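Each remark here refers to the structure printed beneath this line.
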Amino acid sequence: QVQLQESGPGLVKPSQTLSLICSVSGGSITTGAWNWIRQPPGKGLEWIGYIGSSGTTNYSPSLKSRTSISRDTYKNQFTLQLSSVTPEDTAVYFCARYDQWGYDYWGQGTQVTVSS
């Protein structure tokens, strides 16, 4: 059973960088695609990006300029950094694994609020 757990600050000030960690157990992040997805209040899911098994990253075009996903294979963790945040970045942030047939494992999500 693969388990994912998001962690990081729940409150970030505007213009600062949002940083989250996804800790993975039961599977290696060197296999598969490991994604960040968010859901703003009252809106649908928005894909942010992923880091693949080889370390290659891919980002949503609308967020690419502000997004960086990295990994620590020793700790079996991957991270999200979203810079220059605004209140519109307030959302529940999820990490999830993607295989050839969809997102099969998700973290529980963590609320991040951007506010001064």
Side-chain angles (χ1 to χ4, degrees):
Q1 182 78 12
V2 177
Q3 293 183 305
L4 299 85
Q5 176 68 60
E6 305 90 346
S7 61
L11 181 64
V12 183
K13 294 181 178 180
S15 82
Q16 295 187 338
T17 296
L18 181 160
S19 298
L20 296 173
I21 297 172
C22 183
S23 300
V24 178
S25 63
S28 174
I29 61 170
T30 62
T31 300
W34 302 87
N35 295 258
W36 287 102
I37 300 160
R38 69 182 184 180
Q39 186 169 34
K43 298 182 180 180
L45 296 170
E46 179 185 18
W47 179 72
I48 299 168
Y50 74 78
I51 186 162
S53 59
S54 67
T56 301
T57 55
N58 194 14
Y59 305 119
S60 170
S62 64
L63 297 171
K64 183 176 182 178
S65 66
R66 299 193 290 128
T67 305
S68 179
I69 298 173
S70 59
R71 69 181 185 176
D72 184 333
T73 57
Y74 178 76
K75 295 182 178 180
N76 211 38
Q77 297 176 331
F78 65 104
T79 66
L80 170 68
Q81 293 193 96
L82 183 66
S83 66
S84 303
V85 297
T86 73
E88 287 67 48
D89 293 310
T90 294
V92 176
Y93 284 75
F94 299 92
C95 53
R97 188 180 80 170
Y98 184 88
D99 67 10
Q100 291 180 307
W101 302 104
Y103 297 98
D104 54 356
Y105 294 98
W106 294 70
Q108 66 184 16
T110 187
Q111 173 70 44
V112 179
T113 299
V114 179
S115 176
S116 60

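Computed from a predicted structure; not experimentally measured.
To the nearest 0.5 Å, atom CD1 of residue Ile48 and atom CG of residue Asn35 are 9.5 Å apart. To the nearest 0.5 Å, atom CD of residue Gln39 and atom CD of residue Gln111 are 10.5 Å apart. Annotation: the span from Trp36 atom CH2 to Tyr59 atom OH amounts to 12.5 Å, rounded to 0.5 Å. Atoms OG1 and CG, from Thr67 and Leu82 in turn, are 5.0 Å apart once rounded to the nearest 0.5 Å. Annotation: the span from Leu45 atom CG to Trp106 atom CH2 amounts to 5.0 Å, rounded to 0.5 Å.
Judged by distance alone, the side chain of Asn76 and the main-chain N or O of Gly27 form a donor-acceptor pair under 3.5 Å. Listed for the Gln1 side chain is no donor-acceptor partner under 3.5 Å among the backbone atoms of Gly26.
Sorted by first and then second residue, the pairs that involve residues 80-96 and meet side-chain hydrogen bond (donor to acceptor under 3.5 Å, both in side chains), not counting sequence neighbours, are Arg38-Asp89, Arg38-Tyr93, Arg66-Asp89, Thr86-Glu88.
For the side-chain hydrogen bond (donor to acceptor under 3.5 Å, both in side chains) test, residues two or more places apart in sequence or in another chain that qualify with Arg97 are Asp104. The side chain to side chain contact (heavy atoms under 4.5 Å, CB included) test applied to Gln77 returns Ile21, Ser23, Lys75, not counting sequence neighbours. Scored by the side-chain hydrogen bond (donor to acceptor under 3.5 Å, both in side chains) test, Ser68 finds no partners at all (sequence neighbours excluded). With sequence neighbours excluded, the residues that form a side-chain hydrogen bond (donor to acceptor under 3.5 Å, both in side chains) with Ser54 are Thr56. Residues satisfying the side-chain hydrogen bond (donor to acceptor under 3.5 Å, both in side chains) test with Ser25, not counting sequence neighbours, are none.
Of the candidates Thr79, Thr57, Val24, Ile29, Arg71 forms a side-chain contact (heavy atoms from CB on, under 4.5 Å) with just one, namely Ile29.
Both Tyr50 and Tyr98 sit in one connected hydrophobic cluster of ILVMFWY residues. Membership requires side-chain heavy atoms under 4.5 Å apart, directly or through other members.
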